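The structure appears below as structure tokens.
The shown structure was predicted, so the numbers you read here are calculated from the model rather than taken from an experiment.
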Amino acid sequence: MKTFKKIVFWSLVGFAIIQFIPIDRVNRPVNHAVNFVDVKKTPQKIRDLIKGACYDCHSNETVYPKYAFIAPISWSLKSHVNEGRERLNFSIWGTYNKELKENMLSRAAESVQNRMMPMPGYIPYHKEANLSDAERKLIGSYFEEMLKNKTY
């Protein structure tokens with residue numbers, strides 16, 4: 001029992017110490033001249049869906065939830081956001097070349113329609129990201145229409 005108490009004590013001390021290792025939660029300013037929904041003049045309904053389901057991880061407009069301030073959860077969350085921004089960052093859409101835009105739109109349409117995005121683990125904590133089949137089809141169709149017309 002004495003060993004168990006020591007393990008619990010030192011685990012709590014370790015947990016308290018790691019709280020002092022912060023993550024960077026500062027978003028870069030958004031330039032609306034290159035931001036996807038502004039550049040593409042996205043219809044309001046689709047804009048709302050994309051912002052609610054995609055922008056937390058795929059833009060510089062991340063809204064960090066309260067649990068993002070608790071290590072080690074915060075580390076994992078920041079890693080997901082960084083990875084999401086590397087794959088597609090809607091805030092810098094206008095800076096991508098045509099090949100990147102085409103690739104990103106194609107993958108985004110497929111990911112949304114096949115329920116790979118938003119990530120299933122994200123949805124329970126973000127109700128706005130819980131897209132219906134019709135909403136998924138609407139977003140996917142919007143991206144596919146841009147691909148078809150080469151208006152990306």
Side-chain angles (χ1 to χ4, degrees), residues 11 14-152:
S11 295
F15 181 75
I17 289 171
I18 66 172
Q19 301 313 306
F20 293 101
I21 304 171
I23 62 165
D24 179 14
R25 285 181 289 275
V26 177
N27 289 320
R28 292 186 200 135
V30 175
N31 177 352
H32 295 283
V34 295
N35 186 30
F36 178 83
V37 295
D38 297 315
V39 170
K40 303 316 300 170
K41 296 180 177 45
T42 305
Q44 191 63 47
K45 177 157 179 60
I46 298 171
R47 173 188 286 252
D48 292 344
L49 291 173
I50 292 171
K51 282 195 162 226
C54 310
Y55 262 53
D56 264 353
C57 295
H58 295 284
S59 80
N60 294 337
E61 298 181 41
T62 304
V63 178
Y64 290 96
K66 291 181 181 175
Y67 59 82
F69 294 84
I70 302 169
I73 297 167
S74 60
W75 304 340
S76 175
L77 183 74
K78 184 61 178 176
S79 175
H80 282 285
V81 169
N82 288 345
E83 184 179 338
R85 287 178 180 168
E86 284 176 22
R87 292 178 187 257
L88 166 60
N89 187 336
F90 286 112
S91 295
I92 60 171
W93 181 258
T95 66
Y96 294 136
N97 66 41
K98 286 187 175 198
E99 292 80 22
L100 274 174
K101 289 178 180 178
E102 186 175 350
N103 188 318
M104 289 175 181
L105 279 177
S106 177
R107 285 187 301 155
E110 181 182 336
S111 295
V112 169
Q113 290 176 331
N114 292 335
R115 298 189 161 276
M116 294 182 290
M117 285 288 155
M119 291 176 62
Y122 178 80
I123 294 171
Y125 301 102
H126 303 273
K127 299 300 180 197
E128 69 280 2
N130 191 9
L131 301 172
S132 68
D133 289 339
E135 291 168 333
R136 288 177 181 279
K137 183 157 180 53
L138 185 63
I139 292 171
S141 296
Y142 180 67
F143 292 157
E144 288 170 350
E145 187 70 23
M146 290 171 67
L147 287 165
K148 178 180 157 192
N149 296 328
K150 298 199 181 288
T151 57
Y152 32 83

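Counted within 6.0 Å of CZ on Phe20, heavy atoms from surrounding residues, nucleotides or ligands total 12 or fewer; the atom is thus considered open. For CZ of Arg115, the number of neighbouring non-hydrogen atoms (other residues, nucleotides, ligands) closer than 6.0 Å is greater than 12.
Remark: the Glu99 side chain and the Asn103 side chain contain no N/O donor-acceptor pair separated by less than 3.5 Å.
Under the 3.5 Å distance criterion, the side-chain polar atoms of Lys45 are left unmatched by any main-chain donor or acceptor of Glu135. In this structure a side-chain-to-backbone donor-acceptor pair under 3.5 Å is present from Arg136 to Val112. Between the Asn130 side chain and the Ile123 main chain, no donor and acceptor come within less than 3.5 Å of each other. No side-chain donor-acceptor contact under 3.5 Å links Arg28 to the backbone of Asn60.
Of all the heavy atoms in Leu88 and Met104, the pair that sits closest is CD1-SD, 3.6 Å. Shortest non-hydrogen contact noted between Phe15 and Ala71 is CE1-O, 3.2 Å. Considering every non-hydrogen atom in both Ser59 and Asn89, the closest pair reads CA-OD1, 3.2 Å. Across Tyr152 and Met146, no two heavy atoms sit closer than the pair CD2-O, 3.5 Å. Pairing each heavy atom of Tyr122 with each of Pro118, the nearest pair is CD2-CB, 4.1 Å. Considering all non-hydrogen atoms of both residues, Tyr64 and Asp24 come closest at OH-O, 4.1 Å.
The CG atom of Leu105 sits 5.5 Å away from the CZ atom of Phe36 when rounded to the nearest 0.5 Å. To the nearest 0.5 Å, atoms CD (Gln44) and CG (Leu49) are separated by 10.0 Å. Atom CD1 of Ile70 is separated from atom CH2 of Trp75 by 12.5 Å, given to the nearest 0.5 angstrom. We find the CD-CE distance between Glu110 and Met117 to be 11.5 Å, quoted to the nearest 0.5 Å. With values rounded to the nearest 0.5 angstrom, Thr62 atom OG1 is found 13.0 Å from His80 atom NE2. For the atom pair Lys101 NZ and Thr151 OG1, the distance stands at 10.0 Å (nearest 0.5 Å).
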For Glu61 and Lys51, what are the C-alpha separation, side-chain angles and deciding distance, and is it a side chain to side chain contact (heavy atoms under 4.5 Å, CB included)?
-> CA-CA 9 Å; Glu61 298 181 41; Lys51 282 195 162 226; 3.0 Å; yes
Test side chain to side chain contact (heavy atoms under 4.5 Å, CB included) applied to Ser91 and Val34, step by step | CA-CA 7 Å; Ser91 295; Val34 295; over 6 Å; no
Are Thr42 and Tyr142 close enough, and set up right, to give a side chain to side chain contact (heavy atoms under 4.5 Å, CB included), and what steps lead you there?
-> CA-CA 9 Å; Thr42 305; Tyr142 180 67; 3.0 Å; yes
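The aromatic rings of Phe90 and Tyr55 sit parallel to each other, their planes meeting at less than 30°, with 60° as the upper class boundary.
Between Val63 and Asp56, some side-chain heavy-atom pair lies under the 4.5 Å cut-off.
Under a 4.0 Å N-O distance rule, the pair Arg87/Glu83 qualifies as a salt bridge.
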